Amino acid sequence: MRAVVWLVEGTWPACVDAVRVHAPHAREVVLLHVSGSEVPGVAHGAFAGLMGRGRAREADPGDRVEALGGGSAAELLDAAAERLGRPCVREERSGRPEREVVAAAEGAGLLVLARDGDRSRLGPHSLGPAARFIVDHAPCPVLLVWPEQAPGLGTIPPPPHHR
C-alpha cells in the first residue's frame, strides 16, 4: 500500500504521527507539500504593473518569493521525514492545493490529512474548503486527523428546531 501524507504548516506533525500509527506497514509513504502559485504570481504582477514590463527580470520580487517558498517547503519535508523515521518519498507540488493533493492520491491506498477549519468544535465547520474538496474527491480511503486534541462532545451543535 502507498500512503500519501499531505503536509501543511502547523498541522503536519499530527499527519505524520497518524501514518506511523495507522499505516505502519505501508510499502511506500509519500510526504506531500503543495505550494500555492498565487503569491509569487501576485508579486510578479505587482512588479510588472508598478515598474513596467521593460525592467530587468533579476529585480522581480516574485522570483525571490518563489525561492523562499521552496526553501520553506524543503525544510518542512526534511522535518517530516525525520519525524517519520523511515524511508519515504518527498514530493513538492505547486498549484491549487486541493487539486494537487487529489491528483497525488491517485493509486494510493491511503491519504492522510488534517482538519483545516474551525477546530474549536466538532462538526462540519472543522473542515475548510481545501479539506472538504479533498475528502469529497479523493480517489482512495482518507484518514482525517485532528491536529490537536479533539474537542469534547459538548461542542456538537444542537439539532435544528422543527416547527
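Hydrogens, waters and symmetry mates are skipped; everything else that's a heavy atom, side chains included, is used. All values reported here derive from a predicted model rather than from experimental measurement. Nothing fancy with the numbering, it's 1 onward along the sequence.
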Can you tell me how far SG of C88 sits from CD of E82, rounded to the nearest 0.5 angstrom? 11.0 Å

Not counting sequence neighbours, list each pair that qualifies as a salt bridge (Lys or Arg N to Asp or Glu O under 4.0 Å) and has a residue in residues 3-19. D17-R20, D17-R83

With the 4.5 Å side-chain cut-off for hydrophobic clustering, are V101 and L110 part of the same group? no

Nearest 0.5 angstrom please: W12 CH2 to L31 CG, how far? 9.5 Å

Do V102 and V4 belong to the same hydrophobic cluster, where Ile, Leu, Val, Met, Phe, Trp and Tyr are linked whenever their side-chain heavy atoms lie under 4.5 Å apart, directly or via other members? yes

Nearest heavy-atom neighbours spanning A18 and V112: CB-CG1, 4.1 Å

Listed partners of S126 passing side chain to side chain donor-acceptor pair (under 3.5 Å), at least two apart: R115

State, to 0.1 Å, how close P97 and W6 come at their nearest heavy-atom pair, and which atoms those are. CB-CZ2, 4.0 Å

First locate atom CZ of R2, then atom CG of L111, and finally report the distance between them rounded to the nearest 0.5 Å. 9.5 Å

side-chain contact (heavy atoms from CB on, under 4.5 Å) filter on T155, not counting sequence neighbours, yields R121, L122, P151

Distance from L77 atom CG to R90 atom CZ, nearest 0.5 Å? 7.0 Å

Only counting residues at least two apart or in another chain, list the ones meeting side-chain contact (heavy atoms from CB on, under 4.5 Å) with R86. A26, V29, L84

Between side-chain atoms of residues 140-149 and protein atoms elsewhere (two or more places apart, or another chain), which donor-acceptor pairs fall under 3.5 Å?
{"residue": "E148", "atom": "OE1", "partner": "R119", "partner atom": "NE", "Å": "3.4"}
{"residue": "E148", "atom": "OE1", "partner": "R119", "partner atom": "NH2", "Å": "3.4"}
{"residue": "E148", "atom": "OE2", "partner": "R119", "partner atom": "NE", "Å": "2.9"}

Rounded to the nearest 0.5 Å, the CZ atom of R27 sits from the CE atom of M1 at a distance of 9.5 Å

Are V8 and L32 linked, directly or through intermediate hydrophobic residues, by side-chain heavy-atom contacts shorter than 4.5 Å (ILVMFWY only)? yes

Review item, side-chain donor-acceptor pairs of residues 128-138, under 3.5 Å, at least two apart:
{"residue": "H137", "atom": "ND1", "partner": "F133", "partner atom": "O", "Å": "2.8"}

Compare every heavy atom of C15 with every heavy atom of L113, then report the nearest pair and how far apart it is. C-SG, 3.6 Å

Who passes salt bridge (charged side-chain N to carboxylate O under 4.0 Å, His left out) against R93, sequence neighbours left out? E91, E100

